[in-house]
Amino acid sequence: SVCVIHNAGIKVSSVDKDFIRCVLSGIHDRKGENWVRQQFRSYTEKFLERVASNHLSDHQRKLLATDRAFSKTTLYLNYLRVQASASPLLNVLPPPVELLDAIAQSP
């Protein structure tokens with residue numbers, strides 16, 4: 001399910017809400033700043049992996065199809081650079097804009 005953050009018009013998926021609840025629970029349990037940072041790092045890496053491999057939810061696919069600027073963000077470009085240096089197979093991936101076009105056209 002998707003809820004709307006009313007003031008910003010942002011939709012948050014149930015997966016996102018679960019993540020936020022987990023982080024808030026960890027903060028409440030005093031797990032510390034490093035734990036919180038690691039949670040966001042892991043969550044962001046998983047998202048970038050889904051973008052690069054075109055394994056997105058319909059909601060994510062729609063958001064990225066309308067926001068082509070994402071493919072030019074430092075976050076995404078650094079992710080692709082690091083992944084390409086770690087795995088030569090990723091050097092054959094199309095450029096980010098072409099990936100977003102493929103994402104937008106996939107069912």
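All heavy atoms count here, side chains included; hydrogens, waters and symmetry mates do not.
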- Task: Classify the angle between the aromatic ring planes of F19 and F40 as parallel (below 30°), tilted (30 to 60°) or perpendicular (above 60°).
- Result: perpendicular
- Applying side chain to side chain donor-acceptor pair (under 3.5 Å) to R21 and not counting sequence neighbours gives D18
- Query: Once you round to the nearest 0.5 Å, how far does OG1 of T44 lie from CD of Q39?
  - Reply: 11.0 Å
- Item | Separation between NE2 of H55 and NZ of K46, rounded to the nearest 0.5 Å | 15.5 Å
- Task: Report yes if some heavy atom in the side chain of V15 is under 4.5 Å from a heavy atom in the side chain of Y43; otherwise report no.
- Result: yes
- Heavy atoms, side chains only, cut-off 4.5 Å: are Y79 and L75 in contact? no
- Query: In chain order, what residues pass the ring pair (Phe, Tyr, Trp, His ring centres under 6.0 Å) check against F47, with sequence neighbours excluded?
  - Reply: F70
- Item | Donor-acceptor side-chain pairing of R81 and N78 below 3.5 angstrom | yes
- What heavy-atom pair brings Y76 and L48 nearest, and what distance separates the two atoms? CD1-CD2, 3.6 Å
